[in-house]
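Convention: sequence-line order gives letters A, B, ...; per-chain numbering from 1.
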Protein chains: 2
Amino acid sequence: MPDTDGSHVSHEGAFEIAHPHRELLDQVLDKWSLSVLGELCERPCRFNELRRAIPAVTQKSLTATLRRLERNGIVERVLLSSRPVAVEYRITPLGKTMRPPVEVLLEWAAAHMPEIERARRAFDLE
Amino acid sequence: MPDTDGSHVSHEGAFEIAHPHRELLDQVLDKWSLSVLGELCERPCRFNELRRAIPAVTQKSLTATLRRLERNGIVERVLLSSRPVAVEYRITPLGKTMRPPVEVLLEWAAAHMPEIERARRAFDLE
DNA sequence: CGGCATCCCGTAGGATACTG
DNA sequence: CAGTATCCTACGGGATGCCG
């Protein structure tokens, strides 16, 4: 990989991780976000619909996750009616752009899981 | 749609996230891992070399990160000499396979950062 | 229904000191 | 140099209860 014109910043194999990017990924790839995103990519969901779809999440964590995703412009909170309160969560266009990177990640995880489990067992033996 | 263990990735618009995969991503995309990986993709590094390259990391967290990555087969700990102790960390072939997915992710973050910051400001105003 | 408020605990992870 | 050992704190996040 000669990189003859040298216009390009990163040399050879390295990737830098800027702090704002790191922070963003933390917000958006945290414990429950991917599950929520997975659901909302499929269809808009009500709050309790999401709870049922992701049984392991508590109400508190789900609220926090949705607020965080909303704040970052990834999901949208739509008030359907105010009496009784009815809310729907939808993925935004920006949120949809996360799909390809996330899928690449999941494919990597799926592809290398066996190798990684072998590595773990080997490590844990010593 | 049974498939509770969800090893199956995509039908139409949704992505499922299986628990082993979620756990793996947590181990491998955590606070310091990407910075470490970035360094080690460039060249093998000594422990204190990594500390200097990533000034914000504490010794304890760096040790933990390296152990975790080693356990998952992503980096390799090479004992160069035992008196005085000299250790070198290297990325493994498995570790190198993380590069493309990580770069896709970083490119996503870089590309959409402005839009996300706008969303945050808008959200924080209310 | 869609939350917020409160309590409570475990753990990640920083600071500091010491060791082979 | 490359850690281990302690101590300590913040915070994620579970459980429970209440409310418009």
Side-chain angles (χ1 to χ4, degrees), chain A residues 17 19 22-37 39-40 43-72 75-91 123 126, chain B residues 17 19 22-37 39-40 43-72 74-91 123-124 126:
Chain A
I17 170 110
H19 222 39
R22 168 74 263 157
E23 189 203 356
L24 171 57
L25 295 182
D26 280 339
Q27 301 235 335
V28 128
L29 294 180
D30 73 309
K31 190 169 182 186
W32 300 111
S33 293
L34 291 189
S35 302
V36 170
L37 267 279
E39 293 302 319
L40 295 185
R43 66 192 183 287
C45 280
R46 309 286 299 273
F47 186 83
N48 284 329
E49 213 172 340
L50 283 172
R51 293 191 65 176
R52 282 188 298 274
I54 313 168
V57 74
T58 63
Q59 169 277 318
K60 181 180 175 180
S61 301
L62 181 55
T63 301
T65 301
L66 287 169
R67 286 292 167 282
R68 196 168 38 240
L69 292 177
E70 190 192 354
R71 177 168 184 270
N72 286 278
V75 309
E76 185 187 6
R77 183 179 186 274
V78 182
L79 189 65
L80 296 179
S81 91
S82 22
R83 262 273 278 334
V85 178
V87 176
E88 186 176 83
Y89 291 93
R90 294 178 192 168
I91 192 151
F123 184 92
E126 292 149 28
Chain B
I17 169 108
H19 258 288
R22 169 74 261 157
E23 189 204 357
L24 171 57
L25 295 183
D26 280 338
Q27 301 236 334
V28 128
L29 295 180
D30 73 310
K31 190 170 183 188
W32 301 111
S33 293
L34 290 189
S35 303
V36 170
L37 267 279
E39 292 303 318
L40 295 185
R43 66 193 183 287
C45 281
R46 308 286 298 273
F47 186 84
N48 284 328
E49 212 172 341
L50 283 172
R51 291 190 67 176
R52 283 189 298 272
I54 312 168
V57 74
T58 63
Q59 167 280 316
K60 181 180 174 181
S61 300
L62 181 55
T63 302
T65 300
L66 287 169
R67 287 291 168 282
R68 196 168 37 240
L69 292 177
E70 190 192 353
R71 176 169 184 269
N72 286 278
I74 307 296
V75 309
E76 184 188 8
R77 185 179 185 273
V78 182
L79 189 65
L80 295 179
S81 90
S82 22
R83 255 279 268 340
V85 179
V87 176
E88 187 175 81
Y89 290 92
R90 295 177 192 169
I91 192 153
F123 184 93
D124 293 343
E126 293 148 26

What's the closest nucleotide to the side chain of [X] if the choices are [options]?
{"X": "T63(A)", "options": "dA15(C), dG3(C), dA2(D)", "result": "dG3(C)"}
{"X": "T58(A)", "options": "dC1(C), dG14(D), dG14(C)", "result": "dG14(D)"}
{"X": "Q59(A)", "options": "dT4(D), dA2(D), dT16(D)", "result": "dT16(D)"}
{"X": "W32(B)", "options": "dC1(C), dG14(C), dG14(D)", "result": "dG14(C)"}
{"X": "V87(A)", "options": "dG3(C), dG14(D), dG20(D)", "result": "dG3(C)"}
{"X": "R52(B)", "options": "dG13(D), dG3(D), dC1(D)", "result": "dC1(D)"}

Sugar-phosphate only, base, or nothing, as touched by [X] at under 4.0 Å among non-hydrogen atoms:
{"X": "R67(B)", "result": "sugar-phosphate"}
{"X": "R77(B)", "result": "sugar-phosphate"}
{"X": "R83(A)", "result": "nothing"}

Using a strict threshold of under 4.0 Å (side-chain N to carboxylate O), is an ion pair present between D26(B) and K31(A)?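 No, this pair does not count.
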On DNA chain C, nearest-nucleotide positions of L66(A) versus K60(A): which is more 5'?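 Result of the comparison: L66(A).
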Q59(A) and T63(A): side-chain donor and acceptor closer than 3.5 Å?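 Yes, because at least one side-chain N or O of Q59(A) sits under 3.5 Å from a partner of the opposite role on T63(A).
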